[in-house]
K.L.:
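Here's a structure for you.
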Protein chains: 2
Amino acid sequence: MSEDLVAVRRPTLTQVAALAGVSLKTASRALNGEPNVAPETGRRVREAADVLGYRLNGIARELRRGGTSALVGLISGDLANPFYSAVASGIERELRQHGLQLVTANNDEDAVRERALVDAFLERRVRALLVVPSGEQHQHLDVEGNHGVPFVFLDRAPDGLAADAVLIDNAGGGRAAGEHLLGHRHRRIAVVADLSRLAPQRARIDGFVSAMRAVGNAAWEPYLRTEVHDARRAEQTVRELLDLRLPPTAVFTANNRLTTGALRALRGLADPPALIGFDDFDLADVLGTTVVAHDPMALGREAARLAYERVAGHRGPARTIVVSTSVVARGSGERPPR
Amino acid sequence: MSEDLVAVRRPTLTQVAALAGVSLKTASRALNGEPNVAPETGRRVREAADVLGYRLNGIARELRRGGTSALVGLISGDLANPFYSAVASGIERELRQHGLQLVTANNDEDAVRERALVDAFLERRVRALLVVPSGEQHQHLDVEGNHGVPFVFLDRAPDGLAADAVLIDNAGGGRAAGEHLLGHRHRRIAVVADLSRLAPQRARIDGFVSAMRAVGNAAWEPYLRTEVHDARRAEQTVRELLDLRLPPTAVFTANNRLTTGALRALRGLADPPALIGFDDFDLADVLGTTVVAHDPMALGREAARLAYERVAGHRGPARTIVVSTSVVARGSGERPPR
DNA sequence: ATGAAAGCGCTAACAG
DNA sequence: CTGTTAGCGCTTTCAT
């Protein structure tokens, strides 16, 4: 890992004080804008600091002030995914209001790495830790062992431990998607979903299923495809579905990547099936793609808010906020069955 | 700003040592896996640490080790913009190889805020600082005053100071866009560009102009529109261009946001003008949008690499890496003039 | 194999 | 208004 990194010695407050001909504490006062410093003294100190190129050592300050930083950690999937980057953006904006700084890390969707990141962040004494967990098991994120550093879960409910969480109404969104397609007289509806070990995926499917049950429709069942993890496989899966002897008349894709794949498969088709995708995305309006929309930036903002409240001293039981979803009709989801 | 934040006292190494019945230093050795610790002693120390829920204090360690952290700062625009999030993702992946952690901050495209962020990062003793500068003036980012913390500029060349930089071949890309449209027999070509105070925007236009000059075409000149800063205004600008008595037959949009706006304006048109956009984007393939593509993730990766080399001791003059661009033809840029 | 003492750079507490 | 003393939690000599 880290090799022979070059250390840089910077001037210290002691040196500034010496140059200014005052004591350490006076220099500290002057530079921190504390009261009880003669104007002339303050000027001399600032000048000395300038000459030396002095800059406060935040590490030393933090240690002295109680060993806790102004950093908040975020552990999530790759920022290259617009969902995660929107969440990060929402978090960053909210934290900034309170003088806190965001540190991001990518869990590679791997529980072992995630665990290591949690340790590293706690050692770095982050004020709070926000996590979009990679998998099912969350013992490695247990709050007991971390002495009061608040955890907030995003997108996935904490499993087996009490912690604040901000979730999307996945089941409601899945049900709405199903109802929307049923309302346009579809019965043979394909569902293309990601790994079933991911709770949000299961919830979206469950919601969809409940909509089907409500009207006694079972014609969708042969068209369920799960464990589709990227756009390329989604594209292929949709192609295969359309090649069936009795193809589905509509497709429901359970996240943004899968919707992308489906759009590629449907591109140029004379008579494409209806399509509704979970997660809104840039240019969906131009493409005329109907989606189950929600606000990932709000997700991040709310999570940061919960974390801050804990940092600021809020006690009390774990809270859960659910961000609502809504169907945005743009054409693709309103195509009738053929 | 920060209010009455609750401090959390965690167990210290001294407490672990006391519980294990050994000295401070022995506990330190055991927990850090240093040699010369009796197996039985090591076991006792680890057990004590476990019981107390001990976690190393990284702040204290960093202070003792020389006051420099394992953090690298990134100051850029909002992560909600896919360009910046792709850059951040590329940086993060590269830094990780070297055990370094990314801290991100949003400059709000404001020089004053940017300046404050630089100070804050330097106080936090980041190992290196990567900046996508908001504006023209970079004195506030001067390397002299920062005592050897390496700076790397992304996307915009450092103005008036020597620092490593990773740039996009903006002029080359602009020229290629112009040549591409000329090659498809367009002469009345509109250019929709962002704020002209941004050097990359000017370079893209300059490149485009050089392509026009090379063939003696001046018919594009009435159709230049700059200071278009968001998708909404781009949409409106393109609408206005098409409403002209003699409208342009092609449009060149100088960044991803503006391309988005143009696509909205062109949506549903029976006989749309040709379109080529700077920056590639998700689903451009589905939309059939021709672009001047480059690799923002590579931009981040290279910047992180340069920074790491400096951190690892590389001396020598400032280096500049230029990331190349290429035209990706997908249909919109190949429509003939009408 | 283990321990005692010193000190990283700063701020808090208490004098003067 | 200014200075002195202590110590945050850890690693680094240097002894033992």
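Chain naming here is simple, since letters A, B, ... match the order of the sequence lines and numbering starts at 1 in each. Only heavy atoms go into these numbers, but all of them, side chains included; no hydrogens, no water, no symmetry mates. Remember, it's a predicted structure, so these values are computed and weren't measured experimentally.
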K.L.:
Rounded to the nearest Å, what distance is computed from the CZ atom of residue B:R44 to the P atom of nucleotide C:dA1?
P.N.:
15 Å

K.L.:
To the nearest Å, how far apart are B:L24 CG and D:dG7 P?
P.N.:
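To the nearest whole Å, that distance equals 15 Å.
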
K.L.:
Between A:F153 and A:L306, is any pair of side-chain heavy atoms under 4.5 Å apart?
P.N.:
no

K.L.:
What is the bend of the helix from C:dA1-D:dT16 to C:dG16-D:dC1 when you compare the axis at one end with the axis at the other, using five pairs each and rounding to 10°?
P.N.:
40°

K.L.:
Search all heavy atoms of A:N57 against all heavy atoms of A:Y54 and return the closest pair with its distance.
P.N.:
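So the minimum-distance heavy-atom pair works out to N-OH, 4.2 Å.
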
K.L.:
A:R43 has an atom CZ; how far is it from atom P of D:dC1, in whole Å?
P.N.:
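Those two atoms, CZ and P, are 16 Å apart.
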
K.L.:
Could you state the atom-to-atom distance from CG of A:L13 to C1' of C:dG7 in whole Å?
P.N.:
16 Å

K.L.:
With respect to the side chain of B:T26, which nucleotide from D:dC10, C:dC10, C:dT2 is positioned closest?
P.N.:
C:dT2

K.L.:
Roughly how many Å is it from CG in B:N57 to P in D:dG9, rounded to a whole number?
P.N.:
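Checked: the CG to P distance equals 7 Å.
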
K.L.:
How many Å lie between CD1 on B:I59 and P on C:dT11, as a whole number?
P.N.:
14 Å

K.L.:
Please tell me which of B:A60 and B:P35 maps to the more 5' nucleotide of DNA chain C, matching each residue to the nucleotide holding its nearest heavy atom.
P.N.:
B:P35

K.L.:
Under a 4.0 Å N-O cut-off, is there an ion pair linking B:R319 with B:E309?
P.N.:
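Answer for the salt bridge query: yes.
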
K.L.:
Among C:dT11, D:dC10, C:dC10, which is the nearest nucleotide to the side chain of A:T12?
P.N.:
C:dC10

K.L.:
Regarding B:R115 and B:D110, does a basic nitrogen lie under 4.0 Å from an acidic carboxylate oxygen?
P.N.:
no

K.L.:
Within the structure shown, what part of the strands sits under 4.0 Å from B:L56 by heavy-atom distance: base, sugar-phosphate, or nothing?
P.N.:
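Counting heavy atoms under 4.0 Å across all strands, the contact made by B:L56 is with sugar-phosphate only.
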
K.L.:
Are any of A:T41's side-chain N or O atoms less than 4.0 Å away from OP1 or OP2 of D:dT2?
P.N.:
yes

K.L.:
Would you check if B:E114 and B:I75 make a side-chain contact, meaning some heavy-atom pair closer than 4.5 Å?
P.N.:
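Side chain of B:E114 against side chain of B:I75, heavy atoms only: contact under 4.5 Å found.
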
K.L.:
Please state how far atom CZ in A:R55 lies from atom P in C:dC10, giving the value in whole angstrom units.
P.N.:
13 Å

K.L.:
Would you say C:dT11 has OP1 or OP2 under 4.0 Å from some side-chain N or O of A:N32?
P.N.:
yes

K.L.:
Rounded to whole angstrom units, what separation is found between the CG atom of A:N36 and the P atom of D:dG3?
P.N.:
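For the pair A:N36 CG and D:dG3 P, the rounded distance is 13 Å.
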
K.L.:
Between B:E302 and B:R305, does at least one N-O distance fall below 4.0 Å, as a salt bridge requires?
P.N.:
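A salt bridge is present here (some side-chain N lies under 4.0 Å from a carboxylate O).
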
K.L.:
Please give me the minimum heavy-atom distance between A:F121 and A:T104, naming the atom from each residue.
P.N.:
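The pair with the smallest heavy-atom distance is CZ-C, 4.5 Å.
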
K.L.:
Just by distance, no angles: are the side chains of A:S134 and A:N107 close enough, under 3.5 Å, to form a donor-acceptor pair?
P.N.:
no

K.L.:
Looking at A:S23, does any N or O in its side chain come under 4.0 Å of the phosphate oxygens OP1/OP2 on D:dG3?
P.N.:
yes

K.L.:
Does a side-chain N or O from B:S28 land closer than 4.0 Å to OP1 or OP2 of D:dT11, or not?
P.N.:
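Indeed, a polar side-chain atom of B:S28 lies that close.
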
K.L.:
Any side-chain heavy-atom pair from A:V149 and A:R127 closer than 4.5 angstrom?
P.N.:
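No, their side chains stay 4.5 Å or more apart.
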
K.L.:
Under 3.5 Å, sequence neighbours excluded: what are the donor-acceptor pairs made by side chains of residues 19-30 of chain B?
P.N.:
residue : atom : partner : partner atom : Å
B:S23   : OG   : B:K25   : N            : 3.4
B:S23   : OG   : B:T26   : N            : 3.3
B:S23   : OG   : B:T26   : OG1          : 3.2
B:S28   : OG   : B:N32   : ND2          : 3.4

K.L.:
N/O contacts under 3.5 Å, protein versus nucleotides 12-14 of chain C?
P.N.:
none

